[in-house]
Amino acid sequence: MSSKKIALVTGANKGIGFETARQLAAKGITVLLGARDEKPGLEAAETLKKEGLDVQFLQLDVNDPASQDNAAKFIADKFGKLDILINNAGVARDFQVPRLKARRNNGVRTFETNLFSLISLTQKCCRWSKRAMPGRS
Ligand SMILES: NC(=O)c1ccc[n+]([C@@H]2O[C@H](COP(=O)([O-])OP(=O)(O)OC[C@H]3O[C@@H](n4cnc5c(N)ncnc54)[C@H](OP(=O)(O)O)[C@@H]3O)[C@@H](O)[C@H]2O)c1
């Protein structure tokens, strides 16, 4: 098992997630930069690698159970633990639309991404975080 701490940041190809990945890696943590699309994910990881940071792209669409499973398996196979999970990926569909005009499907998508996917990903990653922190229930 790696002696370095391992972190996964979801939705880290831009915005707050990208900066969070940068700041964690700057503390000497190995960061898995989660992104649903390969091109922006690889580009973001490359930008941070050029800063001398230990960052690698991990394909992860938080709304796709198969993508979640693949990410959890990758973490298990390569690191055998996960110290930090940053559930950053999120959407705010119809955020600026008057409430009476907001569409149901956009609300469902927002809750799916920001809540239910977060719960299932956390559950899948939890077994690896327990290995990183024995004694946690
Ligand atoms: N900025 C604010 O003022 C603010 C306020 C309150 C809460 N937040 C929350 O903070 C988090 C980051 O905000 P931000 O301003 O950095 O937002 P952002 O710039 O829109 O970035 C959101 C990130 O989430 C990713 N994402 C969305 N759906 C995804 C999915 N299904 N699977 C994987 N990645 C997905 C996006 O990927 P793509 O590039 O592929 O779309 C992007 O990388 C979000 O959860 C947001 O709701 C932000």
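These values consider heavy atoms only, across backbone and side chains, with no hydrogens, waters or symmetry-generated copies. Both ligands and their constituent atoms are indexed starting at 1 by order of listing. The first residue of the sequence shown is numbered 1, and numbering continues consecutively from there.
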Worked check of salt bridge (charged side-chain N to carboxylate O under 4.0 Å, His left out) between K39 and E43: CA-CA 6 Å; K39 189 168 180 292; E43 284 175 359; 2.9 Å; yes
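- Taking a heavy-atom cut-off of under 4.0 Å, ligand 1 is surrounded by G11, N13, K14, G15, I16, R36, L60, D61, V62, N63, N88, A89, G90, V91, T113.
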Output a table of donor-acceptor pairs, distance under 3.5 Å, between side-chain atoms of residues 8-16 and any protein atom two or more places apart or on a different chain; print 'none' if there are none.
unit_1	atom_1	unit_2	atom_2	d
T10	OG1	I86	O	3.4
T10	OG1	N88	N	2.9
T10	OG1	A89	N	2.8

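- Hydrophobic clustering (side-chain heavy atoms under 4.5 Å, transitive across Ile, Leu, Val, Met, Phe, Trp, Tyr) groups F111 together with I119.
- Counting only heavy atoms from C-beta outward, the side chains of V62 and L118 never approach each other to under 4.5 Å.
- Between L33 and the choices L48, L42, T20, L24, the side-chain contact (heavy atoms from CB on, under 4.5 Å) rule is met once, by L48.
- Here S117 contributes atom OG and L60 contributes atom CG; the two are 9.5 Å apart, rounded to the nearest 0.5 Å.
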